[in-house]
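Below, each value reflects all heavy atoms present in this structure, side chains not excepted, and no hydrogens, waters or symmetry copies. Proteins get letters first, then strands, A, B, ... in listed order; numbering begins at 1 in each.
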Amino acid sequence: MIDIRLVRSEPEELRRALARKGAGELLDDLIEADEAWRQLTSRVDELRARTKLKGKPGPEELAALQQVKVDLQETEAALTEADKRRAELLDRVPNPPAPDVPDGTSEEDAVEVKRVGEPADFAFEVRDHVELGGFDLERGARLSGSRFAYRRGAIALVELALYRFALAKVMDHGFEPVLPPVLVRAEAMYGTGFLPTDEVNIYRVERDDLYLTGTSEVALASIHQDEMLDGRELPARYAGYSTCFRREAGAAGRETRGAFRVHQFDKVEMFAFTDPELSPEEHERILSIEEEIVQSLDLAYRVVCTAAGDLGPSAAKKYDIEAWFPSQERYREITSCSNTTDYQARRLNVRYRREDRSLGLVHTLNGTAMTARVLIALVETRQQADGSVDVPAVLADYGAPQTFKYCHQRRTVAP
RNA sequence: GGAGGGAUGGCAGAGCGGACGAAUGCGUCGGUCUUGAAAACCGUUGUGUCCUCACGGGCACCGUGGGUUCGAAUCCCACUCCCUCCGCCA
């Protein structure tokens, strides 16, 4: 949610920023709805003030009060309507982009910030992760439909090692490990900005009116809902490991091969609550932790800053790390980190007490420490001529084999 | 799944339908005392929203949503969550 006071005090400036996200008209509607709401509010307040009295009323007074009651009912009904319209708009207006975010509306408009490492040069024909083995997609599809994958054997161990490795890394940087619920109430989805805008991409369990989270960001942001944090204890940093569920509604037919885009994957997510002044600094810090992790796995990557119009509703600014995928011969997103400023904090009502006892909204930030996509980049990057894969030594401590090769045994016999 | 009990300020915990935004304790912050601190004592201390340049004022908020009433923390209904017991299951 944006700051309604800013809407009233700086409408032109805010409109320019929101127009970059394509939400200029939405703001105009909000301004109008807010004005109507304010007028009705003061009328209701005035009527209510008249009903206040000390002790019992006399008979004449009572008659007057009964009339006030009728007027109040009418005005309150109008206010309820006005409030509903205003709240709906307030729910939909996105967080304005930060000034240093590039213009544009699509992935192609992102600005490259830096490029690290050289894409591997293979002297043999490159296999993709499906050909290298361990991803059982046919059986995944038979079980659950397309975009579901079993990971089997060595791959399962490497993947788990990646999560455990990333968790250890972020713990070194002060993040508390958290295993969060993945089934949450609508409130948490609204609070984090996934509802109402992103509704089509969310799995819903209708019978119990719960939603499956597409990232542990939802549960981590909500960890301090309605709380007042001690300013001296900020930043509060959490690292969630969870399975993530996404309907991928807009992506029908796209990238159907392999496990690159699936409905269910696992992720280690960093999440921070900070003093508002320090969130840009924390954002850079989270990015640098992501880079540290990617670098320690020897992946070639680049960092891009997402264009304003391509940002989600909550994000004011977002960096993605894109790793080189040898089979696709291009850089693809493997991590993403956003500064959501006070947008989620206002919706979730997460505040902090300053030294001078005053209260303020915190800023929240999130970033990917590890996902299954890293596993794909890793196996493709470290494949050998014979189809085996050389696993980075840093993962050995976390249970990964040093090397592995799949022989495509299907454990079935001819009919 | 069944039977009870509960939800009030940062926390704990009182609260006859009107004087209750709400006792009290702890905590907070300020002060006295002290070389300094602790203890003690005195004082202070909710949040949101609207109007106002400001001083200040109005309104709302006692789990959530409805209802009764001129008037609800208080009475009624529904829901959510927590606790205890019983049953069932991992």
Side-chain angles (χ1 to χ4, degrees), chain A residues 1-11 14 30-91 93 179-191 195 204-211 213 218-219 221-234 236 243 273 275-276 342-362:
Chain A
M1 201 194 304
I2 58 162
D3 183 357
I4 192 69
R5 273 170 286 208
L6 199 65
V7 172
R8 294 171 193 148
S9 63
E10 310 279 348
L14 190 60
L30 176 62
I31 290 170
E32 199 183 302
D34 182 54
E35 186 52 44
W37 175 84
R38 278 199 286 175
Q39 282 182 14
L40 282 164
T41 296
S42 52
R43 275 172 59 195
V44 166
D45 282 358
E46 191 200 319
L47 284 170
R48 282 210 266 241
R50 280 203 249 158
T51 68
K52 304 278 164 182
L53 67 163
K54 304 198 170 176
K56 292 189 175 75
E60 279 169 45
E61 252 179 319
L62 205 63
L65 285 170
Q66 270 155 350
Q67 181 54 48
V68 172
K69 188 188 182 180
V70 173
D71 294 347
L72 242 185
Q73 275 170 345
E74 200 175 301
T75 320
E76 272 177 339
L79 177 62
T80 304
E81 276 308 300
D83 186 63
K84 200 176 143 209
R85 174 163 165 74
R86 176 178 178 267
E88 268 167 19
L89 288 162
L90 215 38
D91 255 357
V93 175
L179 297 175
V182 295
L183 217 42
V184 304
R185 296 220 174 93
E187 212 179 349
M189 286 297 191
Y190 276 100
L195 282 177
R204 179 170 172 209
V205 182
E206 193 151 358
R207 188 183 165 92
D208 296 286
D209 205 19
L210 293 169
Y211 296 83
T213 54
V218 177
S222 303
I223 207 167
H224 290 306
Q225 182 183 345
D226 293 324
E227 291 181 19
M228 291 183 208
L229 306 178
D230 184 338
R232 291 169 295 197
E233 284 168 24
L234 295 177
T243 301
F273 298 85
D275 182 294
D342 60 12
Y343 193 80
Q344 294 178 332
R346 186 171 289 109
R347 288 185 175 218
L348 289 167
N349 191 28
V350 184
R351 295 172 296 174
Y352 75 108
R353 180 91 63 189
R354 301 188 189 91
E355 288 285 349
D356 67 0
R357 309 279 306 144
S358 64
L359 283 169
L361 291 164
V362 298

Just how far, in rounded Å, is [atom2] of [N] from [atom1] of [X]?
| X | N | atom1 | atom2 | value |
| --- | --- | --- | --- | --- |
| A/L65 | B/A72 | CG | P | 12 Å |
| A/D45 | B/G57 | CG | P | 16 Å |
| A/W37 | B/U49 | CH2 | P | 9 Å |
| A/R43 | B/A60 | CZ | P | 17 Å |
| A/D226 | B/U64 | CG | P | 11 Å |
| A/Q225 | B/C81 | CD | P | 14 Å |
| A/Y352 | B/G10 | OH | P | 18 Å |
| A/D3 | B/G48 | CG | P | 12 Å |

What do you reckon, is CD of A/E74 surrounded by more than 12 foreign heavy atoms closer than 6.0 Å?
no
For atom CD of A/E32, decide whether the heavy atoms of other residues, nucleotides or ligands shown that lie under 6.0 angstrom number more than 12.
no
What interatomic distance, in whole Å, is found between [atom1] of [M] and the corresponding atom of [N]?
| N | M | atom1 | value |
| --- | --- | --- | --- |
| B/C88 | B/A3 | C1' | 16 Å |
| B/G9 | B/U24 | C1' | 13 Å |
| B/U32 | B/U80 | C1' | 50 Å |
| B/G63 | B/C59 | C1' | 22 Å |
| B/A19 | B/A72 | C1' | 15 Å |
| B/G2 | B/C16 | C1' | 36 Å |
| B/U8 | B/A14 | C1' | 10 Å |
| B/C26 | B/G18 | P | 30 Å |

Which nucleotide, if any, forms a Watson-Crick or G-U wobble pair with [N], using both distances under 3.5 Å?
| N | result |
| --- | --- |
| B/C33 | none |
| B/C62 | none |
| B/G10 | B/C26 |
| B/U84 | B/A3 |
| B/A39 | none |
| B/A72 | none |

Hey, is the main chain of [Y] close enough, under 3.5 Å, to the side chain of [X] for a donor-acceptor pair?
| X | Y | result |
| --- | --- | --- |
| A/R353 | A/M228 | no |
| A/R354 | A/L359 | yes |
| A/T51 | A/R48 | yes |

Are A/E88 and A/R85 ion-paired here, with the side-chain N under 4.0 Å from a carboxylate O?
no
Shortest side-chain distance from A/R48, nucleotide among B/U47, B/C59, B/U69:
B/C59
Checking B/C70, B/G58, B/G48 against the side chain of A/L359 (C-beta onward), the nearest is B/G48
Any side-chain N or O of [X] less than 4.0 Å from the OP1 or OP2 oxygen of [N]?
| X | N | result |
| --- | --- | --- |
| A/R8 | B/C50 | yes |
| A/R5 | B/U49 | yes |
| A/R185 | B/C81 | yes |
| A/R38 | B/C51 | yes |
| A/R351 | B/G46 | no |

Walking RNA chain B from its 5' end, the first of A/V44 and A/T51 to be reached, judged by nearest nucleotide, is A/V44
In terms of the nearest nucleotide of RNA chain B, which residue is placed more toward the 5' end: A/S42 or A/M228?
A/M228
Between CG on residue A/L30 and CG on residue A/L90, distance to nearest 0.5 Å:
5.5 Å
